[in-house]
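Report on the following structure.
Counting convention: from 1, in listed order, for ligands and their atoms alike. Computed from heavy atoms alone, side chains included, the values below leave out hydrogens, waters and symmetry copies.
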Amino acid sequence: MRACRRPGRWGVLILWVLLLVVPAAQAFEDDENCLMCHKYPKMGRITDDGVFRSYYVMPHVFARTVHRNVPCTDCHNYIKQLPHRPVKTGVQCNSECHSIKNPATGKQFSHKPIYDKYMDSVHGRPKVATGPDRDKPYCVTCHTNPIYNPDEKALPKHIVDRCVVCHEDRDFVENWYKHTSRRIKEVRRSNKEIVQLCANCHGDERLVQRHLKAARLEGRELGRKYPYAVESYLESFHGKVTRYGFQKSPSCLDCHADAENYYLNVHFIRPSRDPASPVSRERKLETCRRCHKYADENYAQLDPHPTSDPADNRFRHYAEVIYGWVGDIVLFLLVGMAFLETVGRWRDGVVWKIRKGSSWWRKSKRDRDRVI
Ligand code: HEC
Ligand code: HEC
Ligand code: HEC
Ligand code: HEC
Ligand code: HEC
Ligand code: HEC
Ligand code: HEC
């Protein structure tokens, strides 16, 4: 309708007012009218580095995400007026939702319990970090805004109908059904995905070197295996079977995070020098025993991060060097003997001939004719 008639000056004003008061038709409440502007696909800006940064929010996608009931300003709580002020910190994941209560505790909902664990972990950093801390993962490094049950087109009617018989309101039921069914379904990343996630940083040679240097300058300790974490895991038996898609062998988190209360403790990775870490000297055996039921102290000494760097494992290094030499010498002797034998036969008068048979005799060069 809007397209048919060019609105006059007042018309434009009314249109703006209408847009401000009438929320667009979508599955979530945009009662702050942010989408009035942010629903336009081209919306964005070119940053100082010359990169286009999109400010477009897709209403139909956002409406299917786990955060769809959170009003925009509960997260973007720094936006208080229009036009917006320049952003300093952006969204922090420990803020309290003003609009959503946790029905179990009656308090305003917040990810603060996870956030506090994370801040105490090896990866804890403020949203805007400086120096080496910038390399650490923030919540949004590992999490996007996931969609509820992405592979499910329609909700199973036979279940939803049953809820509706009591709750009467279909929207209520569908919302809660999505909420719980996502959590009942296993959404844990596969072992391969977790290895990939950690390898993004721990397998990045330059990042690792940067931190070794920073730690040296600050006189700070880093784990013995810090420089080899990923390559050595991939080299290990666990890493190899994981690469073939085996789910029962441990990913990084099966060892480095407590299995109990997994979803909280993946955020509480501590270095192995902390006795609280499941890979500390004190708790390592207990961790191996989760899968290797009959493991003893000796078994737990087997290295889950095997390397042959002399600085890390001198025995393995020299064993590899010696085996390397033994292999080379044996090969050299074999080829050398075959060569000498060939030369000797040639001097004895054995000549190769491809056509009409393989070899024939001629006069020996050193008077050793073997006439048969
Ligand atoms: C009148 C139109 C309009 C409305 C309404 C509006 N915005 Fe914006 N928003 C903009 C424009 C224009 C920009 C780009 C500003 C810039 O680049 O300086 C922007 C940028 C942003 C940014 C990115 C800021 C940055 O620099 O990183 C966020 C986040 C944002 N808006 C959130 C919101 C939220 C949340 C609401 C609802 C409370 C909202 N906007 C409502 C026009 C609007
Ligand atoms: C669950 C929290 C959450 C909700 C709800 C949310 N956002 Fe965001 N939004 C984020 C995060 C996190 C980012 C990434 C930028 C950052 O870390 O500050 C972001 C980025 C953006 C950006 C790009 C800004 C930039 O600097 O790249 C815009 C624009 C935006 N959001 C608008 C909205 C609008 C409009 C809504 C409501 C429909 C909304 N957001 C709802 C958390 C949220
Ligand atoms: C036989 C009737 C009945 C059926 C079927 C039923 N519910 Fe309920 N539901 C109730 C009653 C009654 C309560 C309040 C119970 C209480 O507070 O102990 C409730 C509470 C709830 C609540 C908590 C609401 C709140 O804000 O505290 C949710 C969520 C819920 N039901 C979702 C569902 C879903 C989803 C289904 C279908 C899978 C379902 N229910 C099937 C009767 C039913
Ligand atoms: C190093 C990566 C990483 C960082 C950083 C991280 N998380 Fe997680 N988070 C995970 C993993 C892994 C899981 C387990 C589920 C999975 O495998 O996806 C998880 C699970 C969760 C869950 C449960 C999800 C569900 O569907 O049950 C929430 C909520 C969560 N994280 C919030 C946060 C918050 C808030 C922060 C920042 C304080 C954060 N995470 C930082 C990796 C991370
Ligand atoms: C975004 C990059 C990034 C990701 C992703 C990441 N890490 Fe880290 N990790 C770091 C940085 C940076 C440090 C800190 C090094 C320092 O203290 O200087 C660190 C430290 C650690 C440490 C302690 C090292 C020590 O000796 O103090 C462990 C253990 C660790 N990470 C394990 C993991 C695991 C397991 C995963 C996968 C779930 C993971 N990390 C994902 C960047 C990352
Ligand atoms: C089978 C258990 C196990 C698995 C799987 C495992 N680790 Fe480790 N990790 C350990 C142990 C034990 C140590 C301590 C070794 C030592 O210092 O002797 C360690 C040490 C580390 C360190 C050095 C920092 C510290 O805490 O000492 C990093 C970083 C690390 N692992 C990252 C990873 C990453 C990334 C993965 C996955 C690619 C992974 N680990 C898989 C058991 C494991
Ligand atoms: C999440 C379960 C899990 C954890 C935790 C775990 N492993 Fe394993 N490990 C496996 C699986 C699965 C295999 C391969 C299949 C098999 O041998 O049964 C394996 C194989 C091995 C092998 C290869 C030889 C063998 O005995 O089969 C060694 C050595 C090993 N693990 C050592 C360790 C050590 C040391 C720890 C503790 C630091 C540990 N594992 C922790 C699951 C685990």
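By the 3.5 Å distance cut-off applied to N or O atoms, T141 is not counted among the residues near ligand 5. Note: no N/O pair closer than 3.5 Å links R270 and ligand 5 by distance alone. Ligand 6 has no N or O atom lying under 3.5 Å from any N or O atom of Y226, backbone or side chain.
You'll find the ring centres of H38 and Y40 outside the 6.0 Å limit. H60 has its ring centre no less than 6.0 Å from the ring centre of F62.
Neighbouring protein atoms of atom 8 (Fe) of ligand 6 (N, O or S, distance under 2.8 Å, waters ignored): H256 NE2, H305 NE2.
Looking at H202 against ligand 5, only its side chain comes within 4.0 Å, counting heavy atoms. By the criterion of a heavy-atom distance under 4.0 Å, the backbone of S251, and not its side chain, is placed next to ligand 6. Contacts with ligand 5 closer than 4.0 Å are made by side-chain heavy atoms of I269 only, the backbone lying farther away. At a 4.0 Å heavy-atom cut-off, ligand 5 does not touch N200 at all.
Here atom 19 (C) of ligand 3 lies nearest to H167 when heavy atoms of K101, H167, R162 are compared. In this comparison of G223, S277, C288, the heavy atom closest to atom 24 (C) of ligand 6 sits on G223.
Closest to atom 16 (C) of ligand 6 among all protein heavy atoms lies R224 NH2, 3.6 Å. The closest protein non-hydrogen atom to atom 27 (O) of ligand 5 is R273 NH2, 2.9 Å. Atom 23 (C) of ligand 5 has its closest protein heavy atom at V122 CG1, 3.5 Å. Protein heavy atom in closest approach to atom 1 (C) of ligand 3: C166 SG, 2.7 Å. Scanning the protein heavy atoms around atom 36 (C) of ligand 5, the nearest turns out to be C198 SG, 2.8 Å. H123 CE1, 3.3 Å is the protein heavy atom nearest to atom 39 (C) of ligand 5. In this structure, the protein non-hydrogen atom closest to atom 17 (O) of ligand 5 is R220 NH1, 2.8 Å. With respect to atom 18 (O) of ligand 5, the closest heavy atom belonging to the protein is H211 ND1, 2.7 Å. With respect to atom 4 (C) of ligand 5, the closest heavy atom belonging to the protein is C201 SG, 3.2 Å. In this structure, the protein non-hydrogen atom closest to atom 14 (C) of ligand 5 is K136 CE, 3.9 Å.
Few gaps surround NZ on K127; more than 12 heavy atoms of other groups in view lie less than 6.0 Å from it. Applying the 6.0 Å contact sphere to CZ of R314 captures no more than 12 heavy atoms from other residues, nucleotides or ligands.
Below 4.0 Å from some heavy atom of W176 lie the following atoms of ligand 3, by number and element: 29 (C). The atoms of ligand 5 that sit less than 4.0 Å from any heavy atom of P137 are 1 (C), 2 (C), 3 (C), 4 (C), 42 (C), 43 (C).
Ion pairing between D120 and K117 fails under the 4.0 Å rule for side-chain N and carboxylate O.
Shown here, atom 12 (C) of ligand 3 is out of close reach of the protein: none of its heavy atoms lies under 4.0 Å off.
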Which pairs would a plain distance check flag for residues 216-223, meaning a side-chain donor or acceptor within less than 3.5 Å of a matching protein atom at least two apart in sequence or in another chain?
| from | atom 1 | to | atom 2 | distance (Å) |
| --- | --- | --- | --- | --- |
| E218 | OE1 | R220 | NE | 2.8 |

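From C34, atom SG reaches atom CD1 of I79 across 7.0 Å, with rounding to the nearest 0.5 Å.
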